Amino acid sequence: MSAVEQYARAHIVTDADIPDEPDTVPVVLRYDPEADPRSVRIGLPGPPGPHEWTFDRTLLEQGLREPAGSGEVKIWPCGRVQAVVEFHSAQGVSVVQFDAKTLMRFLRRTYLAGEPIAG
C-alpha cells in the first residue's frame with residue numbers, strides 16, 4: 001500500500017473584491033493508507049499560512065453525488081462538472097471550488113492505493 005499525493009488547482013470562492021487575488025490556487029490532495037486508511041487530506045494555501053484539513057474519505061465520495069457533511073467540512077456538487085468544498089475553522093470559512101474530475105481521479109487513486117498487492 002502506498003500513499004497518494006495529487007496536486008491540483010482550485011478556485012477560492014469569495015465575494016470580497018481582492019485585486020491581486022489569483023484566479024486559482026494550488027492545493028494538495030493526500031491519502032496515506034498506512035497512517036489512516038479512512039481519511040483524506042486537503043492542503044490549502046494561507047493566509048495566514050497553509051492549512052491542511054483531514055476528513056473521512058467517504059464524505060468526499062458522498063459529496064460528489066449530493067450535499068454531505070456537517071461541522072468543519074461540507075461538500076456538494078455544483079452543476080455537472082464542479083464540486084464545492086467548504087471548510088470551517090476559528091479563523092472563518094473557506095469555500096473552494098474544484099473540477100469534480102480532479103476529486104474523482106484522486107478518490108480512484110486512493111482506492112487503488114489501499115488495495116493489497118497480489119503476490
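In this chain, residues are counted from 1 in sequence order. What you see is a predicted model, and the numbers here were worked out from it, not measured in a lab.
- The side-chain heavy atoms of Val40 and Thr54, taken from C-beta on, include no pair separated by under 4.5 Å.
- By the 4.5 Å heavy-atom criterion applied to side chains, Leu44 and Val25 are not counted as neighbours.
- By the side-chain hydrogen bond (donor to acceptor under 3.5 Å, both in side chains) test, Ser94 is found to be paired with no residue, residues two or more places apart in sequence or in another chain being considered.
- In the model, Thr110 has a side-chain atom that pairs as donor or acceptor with a side-chain atom of Arg57 under 3.5 Å.
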Hey, can you pull the donor-acceptor pairs under 3.5 Å for the side chains in residues 63-73, sequence neighbours left out?
{"residue": "Arg65", "atom": "NH1", "partner": "Glu61", "partner atom": "O", "Å": "3.4"}
{"residue": "Glu66", "atom": "OE2", "partner": "Gln62", "partner atom": "NE2", "Å": "3.0"}

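- Not counting sequence neighbours, the partners of Arg41 by the salt bridge (Lys or Arg N to Asp or Glu O under 4.0 Å) test are Glu52.
- For the pair Arg30 and Gln6, the minimum side-chain heavy-atom distance is 4.5 Å or more.
- The ring-ring contact (aromatic ring centres under 6.0 Å, His included) search around Trp53 returns His51, Phe87, not counting sequence neighbours.
- Atoms CD1 and CZ, on Ile75 and Phe55 in that order, are 4.0 Å from each other to the nearest 0.5 Å.
- Residues Val28 and Val4 do not share a hydrophobic cluster, defined by chaining ILVMFWY side chains whose heavy atoms lie under 4.5 Å apart.
- Ser2 and Ala113 get closest at one heavy-atom pair: O-CB, 3.1 Å.
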Enumerate donor-acceptor pairs with a distance under 3.5 Å from any side-chain N or O in residues 97-104 to protein atoms, sequence neighbours excluded.
{"residue": "Asp99", "atom": "OD1", "partner": "Gln82", "partner atom": "NE2", "Å": "2.8"}

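- For His11, the side-chain hydrogen bond (donor to acceptor under 3.5 Å, both in side chains) test picks out no residue, with sequence neighbours left out.
- Of all heavy-atom pairs spanning Ala3 and Pro33, the tightest one is CA-CD, 4.0 Å.
- Using modelled atom types, no side-chain atom of Tyr7 and backbone atom of Leu29 make a donor-acceptor pair closer than 3.5 Å.
- Contact check for Leu60 versus Phe106: side-chain heavy atoms found under the 4.5 Å cut-off.
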